[in-house]
Amino acid sequence: MKLPLLVLSLLCLPFLFPTASDATVRLGVMSPTGEATAMKQWSPVAKELEAMLDEEVVLIALNAGNLLERLDSGALDVVIGNPVQAAIATTQMRAQPVASVVKKTGKQFGGVIVANPNAGITSAADLKGKSVMTLKTSAAGGFIFQTHYLLGLGITSPDDFGRHAVAKSQKDIVNLVAKGAFDAGFVRTGMVDDMIARGEIAEGDVIIVDRKETVGFPHAHSTGLYPEWMVFAHADYDVQTVNRLRDALTRLAAGAPALETARVQGFDAPQDLSGIIDALDAVGILAGGSD
């Protein structure tokens with residue numbers, strides 16, 4: 001009897017993870033906004049892959065703290081995760097890069113340093129002694145990229161700030177900086193533009209520090225640009241299946257309903273992760289794990 005496509009694993013019950021005899025491809029996906037949301041978002045892609053590979057695909061939604069652990073233990077074959085996870089997995093677990101996720105804005109993103117126009121910040125060097133709000137230290141576009149950038153300017157984040165606080169959401173960071181509650185904040189590319197488009201803030205409520213424009217990339221950025229999410233496989237996963245999976249993913253056409261539900265443009269050959277690996281190494285994440 002054909003097994004169900006989707007299995008939502010309860011993390012507290014490890015015996016619910018599929019075994020090799022239960023499924024050909026155990027596909028894990030990071031669920032930053034909850035398992036149910038991730039299952040809804042990625043299940044059409046899993047269904048397409050099942051048809052293209054003519055093999056069972058079991059989709060398992062996991063939070064960031066468990067995804068790499070499950071891959072390393074062999075409970076997952078393939079993972080769709082963020083670039084920090086991809087860098088850690090490929091360097092510390094010998095994971096095999098499968099494909100890059102192409103989002104609506106492309107295959108890259110970066111960090112933005114936003115500042116209140118009245119805070120006296122005209123360049124990143126002015127952040128010393130200022131009040132700065134960021135995401136947690138494991139957030140690529142909300143901490144890591146900006147911290148790596150500031151290190152190149154001789155500024156240690158957050159030690160050189162006058163006051164530092166960690167926010168739960170990037171939207172909170174932009175709003176509090178716009179209101180003057182903080183002098184500056186760290187968010188990923190596109191956040192400011194999206195909030196302006198939705199009428200949540202007005203043009204000029206915040207400025208982008210050390211603003212850069214890159215041809216072909218739609219959003220201003222303060223830091224360099226880094227790879228977006230990536231698909232990667234366990235170190236010992238069958239290479240032929242990895243190649244077949246890469247081919248299937250890259251054949252998914254832009255505009256396909258499954259991709260629209262996943263809110264991505266498609267998949268492409270895996271990008272070079274050396275830039276983000278350098279950033280993680282510089283801020284001490286590779287040496288200390290995923291946090």
Side-chain angles (χ1 to χ4, degrees), residues 5-12 14 16-18 23 25-47 49 57-93 95-105 107-109 135-145 168-170 188 190-191 226-235 237 245 249 258-259 261-268 270-271 273 276-277 279-280 285-286 289-291:
L5 170 67
L6 307 179
V7 174
L8 180 56
S9 176
L10 300 176
L11 298 180
C12 60
L16 288 181
F17 277 95
V25 181
R26 296 166 298 174
L27 176 61
V29 60
M30 193 183 80
S31 53
T33 57
E35 286 87 351
T37 300
M39 293 294 286
K40 182 179 180 180
Q41 178 180 352
W42 289 102
S43 59
V45 169
K47 189 173 181 179
L49 288 176
V57 176
V58 175
L59 184 64
I60 304 166
L62 297 165
N63 63 42
N66 289 273
L67 196 70
L68 293 186
E69 176 187 338
R70 295 296 187 256
L71 178 69
D72 196 35
S73 70
L76 296 174
D77 301 313
V78 183
V79 161
I80 303 174
N82 67 37
V84 173
Q85 293 166 330
I88 292 171
T90 54
T91 56
Q92 298 186 347
M93 303 174 187
Q96 305 175 69
V98 177
S100 290
V101 176
V102 184
K103 295 196 174 182
K104 303 292 185 179
T105 53
K107 295 185 289 185
Q108 294 179 304
F109 73 118
L135 294 181
K136 59 184 180 179
T137 59
S138 59
F143 186 85
I144 295 170
F145 296 163
K168 292 184 178 180
S169 76
Q170 297 183 68
R188 68 170 282 156
M191 176 57 63
Y226 298 86
E228 267 286 4
W229 279 38
M230 183 170 281
V231 185
F232 47 98
H234 189 275
Y237 196 51
L245 182 61
L249 286 168
L259 296 179
T261 302
R263 300 193 297 277
V264 300
Q265 195 75 23
F267 298 87
D268 205 344
Q271 290 191 80
L273 289 171
I276 194 165
I277 290 170
L280 295 179
I285 288 182
L286 281 183
S290 60
D291 197 16

- Task: Might you work through the side chain to side chain contact (heavy atoms under 4.5 Å, CB included) test for L68 and Q92, ending with a clear yes or no?
- Result: CA-CA 10 Å; L68 293 186; Q92 298 186 347; over 6 Å; no
- Note on the structure: Of all heavy-atom pairs linking T90 and A95, the shortest is CG2-O, 3.6 Å
- Give the intermediate values and the outcome of side chain to side chain contact (heavy atoms under 4.5 Å, CB included) for residues D77 and H234. CA-CA 5 Å; D77 301 313; H234 189 275; 5.7 Å; no
- Message: So, taking the atom named CD in Q96 and the one named OH in Y237, what distance separates them when rounded to the nearest 0.5 Å?
- Response: 10.0 Å
- Query: Do the non-hydrogen side-chain atoms of I88 and I285 ever get within less than 4.5 Å of each other?
  - Reply: yes
- Exam field: side chain R263 to backbone K104, donor-acceptor pair closer than 3.5 Å: no
- Quick one: salt bridge (Lys or Arg N to Asp or Glu O under 4.0 Å) partners of K168, sequence neighbours excluded? none
- I60 side, atom CD1; L27 side, atom CG - distance, nearest 0.5 Å: 8.0 Å
- Candidates I80, N66, N82 - the one meeting side-chain contact (heavy atoms from CB on, under 4.5 Å) with M30: N82
- Query: Once you round to the nearest 0.5 Å, how far does CG of L259 lie from NZ of K103?
  - Reply: 13.5 Å
- Task: Go through the structure and list residues passing side-chain hydrogen bond (donor to acceptor under 3.5 Å, both in side chains) with S169, not counting sequence neighbours.
- Result: D172
- Message: So, using side chain to side chain contact (heavy atoms under 4.5 Å, CB included) as the criterion, who are the partners of L135 when residues are at least two apart?
- Response: A139, Q170, I173
- Item | Flag side-chain contact, heavy atom, 4.5 Å: F109 against P83 | yes
- Note on the structure: A87 meets the side chain to side chain contact (heavy atoms under 4.5 Å, CB included) criterion, sequence neighbours left out, with I276, I277, L280
- Output, in order, the C-alpha distance, side-chain angles, deciding distance and verdict of side chain to side chain contact (heavy atoms under 4.5 Å, CB included) for V264 and W229. CA-CA 10 Å; V264 300; W229 279 38; over 6 Å; no
- side-chain contact (heavy atoms from CB on, under 4.5 Å) with V25: which of V57, V58, L59, L76? V57
- Message: Does V101 form a side chain to side chain contact (heavy atoms under 4.5 Å, CB included) with F267? I'd like the steps, not just the answer.
- Response: CA-CA 5 Å; V101 176; F267 298 87; 3.8 Å; yes
- Note on the structure: The ring-ring contact (aromatic ring centres under 6.0 Å, His included) partners of Y226 (sequence neighbours excluded) come to F145
- Query: What residues, two or more places apart in sequence or in another chain, satisfy side-chain hydrogen bond (donor to acceptor under 3.5 Å, both in side chains) together with Q271?
  - Reply: none
- Message: So if I apply the side-chain contact (heavy atoms from CB on, under 4.5 Å) rule between S100 and each of Q108, E228, M230, which one comes out positive?
- Response: M230
- Query: If we only count heavy atoms from C-beta on, is the S31 to E35 side-chain gap below 4.5 Å?
  - Reply: yes
